[in-house]
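Here is the structure we will look at.
Convention: sequence-line order gives letters A, B, ...; per-chain numbering from 1.
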Amino acid sequence: MDNANFFRRVYDIVRQIPPGRVTSYGAIAQFLGSPQSARMVGWALNNTKTELGDIPAHRVVNHNGFLTGKKAFGGINTMQELLESEGIEIQNDQVIRFQEIFWDPAKELS
DNA sequence: AATTTGACGCGGT
DNA sequence: CACCGCGCCAAAT
């Protein structure tokens with residue numbers, strides 16, 4: 001993490017999210033030192049699909065556990081399918097047990 | 001070049 | 001409990 005690029009850092013963090021776990025935009029933003037820049041995290045993730053890295057952006061949802069960005073995955077169910085294939089239960093576009101599988105970068109990476 | 005909007009989050013009304 | 005507005009920064013129009 002030499003480069004202090006906001007986006008680059010987001011990618012690095014998201015890449016470290018373990019399977020079966022999820023995190024939120026705000027958590028990442030907070031870890032980056034800008035708790036109120038959650039929007040930028042969203043933008044960064046949107047770029048991930050262009051970045052062509054193995055970035056599991058589907059493991060990042062909003063603070064409520066809703067799959068707000070599923071549309072950006074091309075297919076409406078793509079994000080959900082990916083999560084389900086990892087053992088994460090989704091219901092009504094929302095992550096079940098969100099709090100239980102929540103992965104906090106500031107806590108896990110600290 | 002200026003304005004709007006967006007995969008957000010939180011506090012206030 | 002529902003709706004509104006603000007903050008933050010970058011990209012799209």
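Nearest to the side-chain atoms of W43(A) among the listed nucleotides dG6(B), dG9(B), dA7(B) stands dG6(B). Checking dC8(C), dA7(B), dA10(C) against the side-chain heavy atoms of A57(A) singles out dA7(B) as nearest. Minimum atom distance to the side chain of H63(A) is reached by dC10(B), of the listed dG6(B), dC10(B), dA7(B). Comparing dC8(B), dA12(C), dC8(C) by their closest approach to the side chain of S37(A) singles out dC8(C).
Salt bridge status for E86(A) with R59(A): present, with a side-chain N to carboxylate O gap under 4.0 Å. Ionic pairing of D54(A) and R15(A) is not present here: no N-O contact between side-chain nitrogen and carboxylate oxygen is shorter than 4.0 angstrom.
As rounded to the nearest Å, dT5(B) and dC4(C) have P atoms that lie 15 Å from one another. Using atom P as the reference point in both dA7(B) and dA2(C), the two lie 23 Å apart (nearest Å). Between the P atoms of dT4(B) and dG5(C), the separation comes to 14 Å (whole Å).
Heavy atoms from other residues, nucleotides or ligands lying under 6.0 Å from CG of N64(A) number more than 12.
Atom CG of D104(A) is separated from atom P of dG9(B) by 13 Å (rounded to the nearest Å). Rounded to an integer number of Å, the gap from CZ of F6(A) to C1' of dG7(C) is 13 Å. Separating the OH atom of Y11(A) from the P atom of dA10(C) is a distance of 12 Å, rounded to the nearest angstrom. For the pair N64(A) CG and dG9(B) P, the computed distance is 8 Å after rounding to whole Å. Look at CD on Q36(A): it is 9 Å from P on dC10(B), rounded to the nearest Å. Rounding to whole angstrom units, CZ of residue F98(A) and P of dA7(B) are separated by 18 Å. In this structure, L32(A) atom CG and dA10(C) atom C1' are separated by 15 Å, rounded to whole Å. I76(A) places its CD1 atom 14 Å from the C1' atom of dA7(B), with the value rounded to the nearest Å.
Both Q30(A) and G42(A) sit near DNA chain B, but only G42(A) has its closest nucleotide nearer the 5' end.
Between N46(A) and W43(A) there is a side-chain heavy-atom pair separated by less than 4.5 Å.
Nearest heavy atoms, F98(A) versus V61(A): CE1-CG2, 3.4 Å.
At the heavy-atom level, N46(A) lies under 4.0 Å from base atoms of the strands shown.
For dG9(B), the base has no donor-acceptor partner in the side chain of R39(A) [N/O atoms by modelled type, under 3.5 angstrom].
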